Amino acid sequence: MLFRPKILGLFLHPINRITLRQVSTARSFGEKVIPPVSSPPSSSKLTVQQALDKWTVCFQVAGVSESVLSSQHIVSHVLGHKTLNSLSRKGLSRVLSQPQVERIWKLCHKRLTRMPVQYVIEEWDFRDLTLKMKPPVFIPRPETEELVGLVLADLEESRVGSRCPDSHVHFLEVGCGSGAISLSLLHSHTQIRGMAVDQSAEAVALTKENAQSLGLHDRLTVNQADVIKDAEWLMGSCGRVEVLVSNPPYLFTEDLESLEPEIHRYEDRAALDGGRQGMCVIEQILTLAPSLLADCGRVYLEVDPRHPELIQMQLRDNRLWGLDYVATHKDFTNRPRFCILQRRPGNG
């Protein structure tokens, strides 16, 4: 499978205030004049490269982040490719059909509204899976692929498997979104079974849809549940698991205002906002973990870089019971991003 280049920096860029009306009028960009983009050209011989160049410039003027990658993803998608790498130089000079031009214009106009490209093309690659994407379900980020890798590394080294009472590993994912974590685990190991929960009905529906399309639905139970409001139901329904994994809402509420329009306008705020210190859902997961985990079962969390120290401080102050802190792992940007904790035998 050819993987798409990653769209990065979704949490970092300030809101750009250029309006769509400004973008839709002709203007200069360097020495180039950008024509109106309100409707696609008709009866013109527009090549793949020309379409890429035109929309890259339009995105740049509009302040759309990842402008080059955005145009590449959209044009590739319309052409039926994951990336443009499979096209030769001759392929880039190929003349687009009128339906292709119209489709590119339609999708690029969605991107101009700051709709994330994952929602625009309605799919995205996560590890070795292609998942369907729909707003407002949270879009999986590259860091979360690393979280899955940590769980799989434990399984492959039998550090989790050796603690299991039988040949199967059971997991619980809290906040499944599109199902990226759960489905990656199931896809990687046939001996894994799991339950995934999310407070969003849209997320539950999308996880079920992705599980069905990937043929993994028979090993995954998906339920709509809020880990805080439905804690009693969760403890009664889940049973003991060897792995509790989550990419919970972990942003500090005050940090939400600095996010890009792509996130403000389209993604579910509840999947991002972790409260004043970003710890509301994290604390609930860790409070329930001793009652949900089998002996020596582990919790794998993706968190804000400020959280590993906060979590360890709570453990030192005995505010979290029945768990030992195992490790902090850094993400590909060298920030502390992942926490692993383990249930003490005989607790819970």
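Heavy atoms only: backbone and side chains are in, while hydrogens, waters and symmetry mates are out. Worth saying up front: this structure is predicted, and the values here are computed from it rather than measured.
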Criterion side-chain hydrogen bond (donor to acceptor under 3.5 Å, both in side chains) on S65 and E260, from CA distance to verdict: CA-CA 9 Å; S65 62; E260 285 195 326; 3.2 Å; yes
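- Side-chain atoms of T56 and S71 form a donor-acceptor pair, as typed in the model, at a separation below 3.5 Å.
- The nearest pair of heavy atoms linking L186 to G194 is CD2-N, 4.5 Å.
- Although no hydrogens or angles enter the test, the distance criterion places a donor-acceptor pair under 3.5 Å between the side chain of Q100 and the main chain of S97.
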Worked verdict on L234 versus L172 for side-chain contact (heavy atoms from CB on, under 4.5 Å): CA-CA 10 Å; L234 186 62; L172 168 66; 4.3 Å; yes
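- The hydrophobic clustering, which links ILVMFWY residues whose side-chain heavy atoms are closer than 4.5 Å, places W124 and V68 apart.
- Judged by distance alone, the side chain of R141 and the main-chain N or O of I139 form a donor-acceptor pair under 3.5 Å.
- Note that the CG atom of L150 and the CG atom of L301 stand 11.0 Å from one another [nearest 0.5 Å].
- In summary, the aromatic rings of H329 and Y300 are positioned with their centroids too far apart to meet the 6.0 Å limit.
- No side-chain N or O of S246 forms a donor-acceptor pair with one of E302 less than 3.5 Å apart.
- V64 and E262 get closest at one heavy-atom pair: CG1-OE2, 4.4 Å.
- When side chains are defined from C-beta on, H189 counts as touching L155, because their heavy atoms get closer than 4.5 Å.
- When atom types are taken as modelled, the side chain of T144 and the backbone of L147 share no donor-acceptor pair closer than 3.5 angstrom.
- Annotation: cation-pi pair R193/F171 absent, no NZ/CZ under 6.0 Å from the ring centroid and within 45° of its normal.
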Check against side-chain contact (heavy atoms from CB on, under 4.5 Å), M279 and Q314: CA-CA 11 Å; M279 289 279 289; Q314 290 195 10; 3.7 Å; yes
Derivation of the side-chain contact (heavy atoms from CB on, under 4.5 Å) call for Q191 and H170: CA-CA 9 Å; Q191 296 302 308; H170 297 88; over 6 Å; no
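- Between H307 and Y250, the ring-plane angle classifies as perpendicular under the 30° and 60° cut-offs.
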Candidate pair K134 and E209, rule salt bridge (charged side-chain N to carboxylate O under 4.0 Å, His left out), full reasoning: CA-CA 11 Å; K134 297 178 181 178; E209 183 177 354; 2.9 Å; yes
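- Between I74 atom CD1 and R111 atom CZ the span is 7.0 Å, to the nearest 0.5 Å.
- At least one side-chain heavy atom of P308 sits less than 4.5 Å from a side-chain heavy atom of Y325.
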Evaluation steps, side-chain contact (heavy atoms from CB on, under 4.5 Å), between D53 and Q49: CA-CA 6 Å; D53 293 343; Q49 188 64 63; 3.0 Å; yes
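- Within a 6.0 Å sphere centred on CZ of R316, heavy atoms belonging to other residues, nucleotides or ligands number more than 12.
- Annotation: side chain of M195 is in contact with side chain of N223 (closest heavy-atom distance under 4.5 Å).
- The shortest heavy-atom contact between Q224 and S200 is NE2-C, 4.2 Å.
- Checked against V137 for a side-chain contact (heavy atoms from CB on, under 4.5 Å), the options K132, E202, Q118 give a single hit: E202.
- Using a 4.5 Å heavy-atom threshold, the side chains of R127 and V148 count as touching.
- Between K330 and E146 no salt bridge is recorded (no basic side-chain N to carboxylate O distance below 4.0 Å).
- A side-chain donor from one of T333 and D331 sits under 3.5 Å from a side-chain acceptor of the other.
- Using modelled atom types, no side-chain atom of R269 and backbone atom of L256 make a donor-acceptor pair closer than 3.5 Å.
- One hydrophobic cluster, built from ILVMFWY side chains closer than 4.5 Å, holds both L152 and L220.
- No chain of hydrophobic side-chain contacts below 4.5 Å, direct or via other Ile, Leu, Val, Met, Phe, Trp or Tyr residues, connects V95 to L84.
- Between E242 and D295, the closest side-chain pair of non-hydrogen atoms is not below 4.5 Å.
- With contacts defined as side-chain heavy-atom distances shorter than 4.5 Å, the pair L214/L129 qualifies.
- In this structure a side-chain-to-backbone donor-acceptor pair under 3.5 Å is present from R240 to L293.
- With no hydrogens or angles considered, no side-chain donor-acceptor pair links T130 and E123 at under 3.5 Å.
- Going from atom CD of Q98 over to atom CG of L46 covers 9.0 Å, rounded to the nearest 0.5 Å.
- A distance-only check finds no donor-acceptor pair linking the side chain of D230 to the backbone of W233 [under 3.5 Å].
- No side-chain donor-acceptor contact under 3.5 Å links T47 to the backbone of R94.
- Looking only at side-chain heavy atoms (C-beta outward), V117 and K110 stay at 4.5 Å or farther from each other.
- Note that the CG atom of L315 and the CG atom of L341 stand 6.0 Å from one another [nearest 0.5 Å].
- Minimum heavy-atom separation, Q342 to C296: CG-O, 3.5 Å.
- R219 places a side-chain N or O within 3.5 Å of a backbone atom of I192 that can act as its donor or acceptor partner.
- Proximity of a side-chain donor or acceptor of S67 to a complementary backbone N or O of F59 within less than 3.5 Å is not detected.
- The distance from atom CG of L206 to atom CG of N210, rounded to the nearest 0.5 Å, is 4.5 Å.
- Separation of atoms CH2 (W55) and CD (Q60) is listed at 13.0 Å; rounding is to 0.5 Å.
- Within the 3.5 Å criterion, the main-chain N or O of V245 finds no donor-acceptor partner in the side chain of E173.
- Here the side chains of P136 and Y266 are not in contact, with every heavy-atom distance at 4.5 Å or above.
- No chain of hydrophobic side-chain contacts below 4.5 Å, direct or via other Ile, Leu, Val, Met, Phe, Trp or Tyr residues, connects V303 to F252.
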Verdict with reasoning, D255 to R306, per salt bridge (charged side-chain N to carboxylate O under 4.0 Å, His left out): CA-CA 13 Å; D255 294 338; R306 293 165 283 187; 2.7 Å; yes
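- Heavy atoms only, all atoms of each residue included: G177 and T207 are closest at O-OG1, 2.8 Å.
- The two residues C176 and D198 make their nearest non-hydrogen contact at N-OD2, 3.1 Å.
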